[in-house]
Undergrad: 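For reference, the structure I am asking about is given below.
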Amino acid sequence: MYELFKNLGSWLVSGEQWSGSDGIGHRLAEHLQYSLLATLVAAAIALPLGLLIGHTGRGAFVAINLASFGRALPTVGLVVLVFLASGLSMWPVYVALVALAVPAIVTNTYAGMNAVDPDVRDAARGQGMRWYQVLFQVELPLALPLIMTGLRLALIQVVATATIAAYVSFGGLGRYVFDGLAQRDLVQVLGGAVLVAVVAVVLDLALSGLQRVLFRHRPA
Amino acid sequence: MTTDWSWIGDHTDDLTTLTFSHLQAAFSAVFFGLLISLPLAVVAHRIRPLRGLLLGLSNVLFTIPSIAVFVLLLPVSGLTRTTTVIGLTIYTLVVLLRNTVEGLDSVPAKTKEAAKAMGTRPLRALLTVELPLALPVIMAGVRIATVMSISLVSVATYIGDGGLGQLFTDGFQRNFPTPVIVGVVLTLLLALVADALLVAVQYVLTPWTHRKQRAA
């Protein structure tokens, strides 16, 4: 075990490991690209959906159970299925990652909207606010903490799961995990895993920092 | 992409075996997850400084890709079912630990004081007052952990196990989508049925939560 971690240290700091198309720098950039793009697409789909369900109160059953469905969906199966349907392209990676992120964002967005005090909503309407004013000036700001929780949760899961891109012959940090598995090179697997975990934790901290800066005028 | 549905009829025996193996892995993981997280949660609930440490640690475990966890366990337990169960158990801990701590936190202080005032010893109070009252939140965690485990078992296909996940690698290697579709659908069905069963178990275990509504 000690030997493994000592080798991990030298693997992580060696200069040649960081450069070139198989280097950590390039793999890191690929991994970030997959994760961030997938999360952005998922947010573009899931946020309007969650806000709509929360605002109208229709489809609440779907919003609550979508998270459970998302957890139940086997990512490996989905990746293989899309791969067989689309051939060698980025589709399997992005479809699987977006499918993973959408339920978490929808459910948390809905939960945030649902937690808004109905009296506050009524008061806003009573003051003559239009539906979009109620949505964007009252409900959305109040729901934001839970919406951000959903986005952070989705991002962490997407970063950890983007590893699977390497299974369908693409890059990212999963390259080290799958290549290490094939070559029985545990140092490489551990290196890849540690890097993925670090990326997930750093991105999560960055989002929570952003949240704090953006909404510092409000009590959390 | 050509599907062949007669494949299902020809492989019912394999599918049954894989389904049971799949369920066995998932349920073992939740069982061991509970066995580990219950005492840990009691400790985290009582000793505040340990709480952040334990919950933070379990959060970090969650960010490690599952495939890497399985591979890194290979030197410890090899290409066996044990590796699958240990890996899955690690993932259930994240959910189970947090929900059990939150469940224990949700027990009203007055109820605990009442138990103490009636001379209930701490261990007895924990087993007969605190844990039963925490059960709804704990069961919510058990449901999430179960559904998650059922889905994650298939990742172990990369280390030669994985229950229904073997259908994914099989379909991938042979460029044959039918087993993949069957595997995805069966996994979703298993998760749905297991979740529904757990809801029923919770209903039976916490009669006071619905008895009150009837009286009102």
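Numbers restart at 1 for each chain; the letters A, B, ... are given by sequence-line order, proteins then strands.
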Undergrad: Please determine, among A/G180, A/A160, A/A162, the option with the most heavy-atom pairs under 4.5 Å with chain B.
TA: A/A160

Undergrad: Which bit of A/V159 is near chain B, if near means a heavy-atom gap under 4.5 Å: side chain, backbone, both or neither?
TA: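 For A/V159, no heavy atom lies under 4.5 Å from chain B.
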
Undergrad: Taking all heavy atoms of B/T187 and all of A/A72, pick out the closest pair and write down the distance.
TA: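 What the structure gives for the nearest pair is CG2-O, 3.9 Å.
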
Undergrad: Relative to chain A, which segment of B/L74 carries a heavy atom at a distance below 4.5 Å: side chain, backbone, both, or neither?
TA: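 Only the side chain of B/L74 comes within 4.5 Å of chain A.
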
Undergrad: With sequence neighbours excluded, what pairs up with B/S6 under the side-chain hydrogen bond (donor to acceptor under 3.5 Å, both in side chains) test?
TA: B/D4

Undergrad: If you count heavy-atom pairs under 4.5 Å with chain B, which of A/L190, A/I164, A/V168, A/V201 comes out on top?
TA: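 Top count of heavy-atom pairs under 4.5 Å with chain B: A/L190.
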
Undergrad: Tell me whether the count of non-hydrogen atoms from other residues, nucleotides or ligands lying under 6.0 Å of CZ in B/F176 goes above 12.
TA: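 For B/F176, atom CZ is crowded (more than 12 foreign heavy atoms under 6.0 Å).
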
Undergrad: Side chains of B/F172 and A/V79, heavy atoms from C-beta outward: is any pair under 4.5 Å?
TA: no

Undergrad: Let me know if A/Y176 has heavy atoms under 4.5 Å from chain B in its side chain, its backbone, both or neither.
TA: neither

Undergrad: With chain B as the partner, which of A/A200, A/G174, A/G87, A/P74 has the greatest number of non-hydrogen pairs under 4.5 Å?
TA: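 Sorted descending by pairs with chain B, the first entry is A/P74.
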
Undergrad: Indicate yes or no: at least one non-hydrogen side-chain atom of A/L186 is less than 4.5 angstrom from one of B/L72.
TA: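 Yes, side chains in contact.
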
Undergrad: Measure distances from B/T169 to the heavy atoms of chain A and classify the residue's part below 4.5 Å as side chain, backbone, both or neither.
TA: both

Undergrad: Working to the nearest 0.5 Å, report the span between OG1 of A/T75 and CG of B/L152.
TA: 7.5 Å

Undergrad: Minimum heavy-atom separation for B/F168 to A/V80, with atom names?
TA: O-CG1, 3.7 Å

Undergrad: Please check if the number of heavy atoms outside A/R58 that lie under 6.0 Å from its CZ is greater than 12.
TA: no

Undergrad: Sequence neighbours left out, what pairs pass side-chain hydrogen bond (donor to acceptor under 3.5 Å, both in side chains) with at least one residue falling in residues 62-77 of chain B?
TA: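 Matches after skipping sequence neighbours: B/S77-B/T83.
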
Undergrad: Applying a criterion of heavy atom separation less than 4.5 Å, what residues of residues 22-31 of chain B form contacts with chain A?
TA: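 Checking residues 22-31 of chain B against chain A gives no residue, so none.
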
Undergrad: At what distance, to the nearest 0.5 angstrom, does CG of B/L192 lie from CG of A/N65?
TA: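 Interatomic distance, B/L192 CG to A/N65 CG, rounded to 0.5 Å: 9.0 Å.
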
Undergrad: With rounding to the nearest 0.5 angstrom, report the CG to OH distance, A/L181 to B/Y158.
TA: 10.0 Å

Undergrad: Got more than 12 heavy atoms from elsewhere within 6.0 Å of CZ, B/R98?
TA: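 Incorrect, the count does not exceed 12.
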
Undergrad: Could you go step by step and tell me if A/V196 and B/I64 meet the side-chain contact (heavy atoms from CB on, under 4.5 Å) rule?
TA: CA-CA 7 Å; A/V196 171; B/I64 302 171; over 6 Å; no

Undergrad: Crowded around A/W11 CH2? As in, over 12 foreign heavy atoms under 6.0 Å?
TA: yes

Undergrad: Could you pull out the closest heavy-atom pair between A/S68 and B/V147, with the gap in Å?
TA: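 So the minimum-distance heavy-atom pair works out to O-CG1, 3.7 Å.
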
Undergrad: Can you list every salt bridge (charged side-chain N to carboxylate O under 4.0 Å, His left out) pair that touches residues 136-145 of chain B, not counting sequence neighbours?
TA: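 Residue pairs passing salt bridge (charged side-chain N to carboxylate O under 4.0 Å, His left out), neighbours aside: B/R143-B/D195.
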
Undergrad: Which heavy-atom pair separates A/L81 from B/P177 by the least distance, and what is that distance?
TA: CD1-O, 4.3 Å

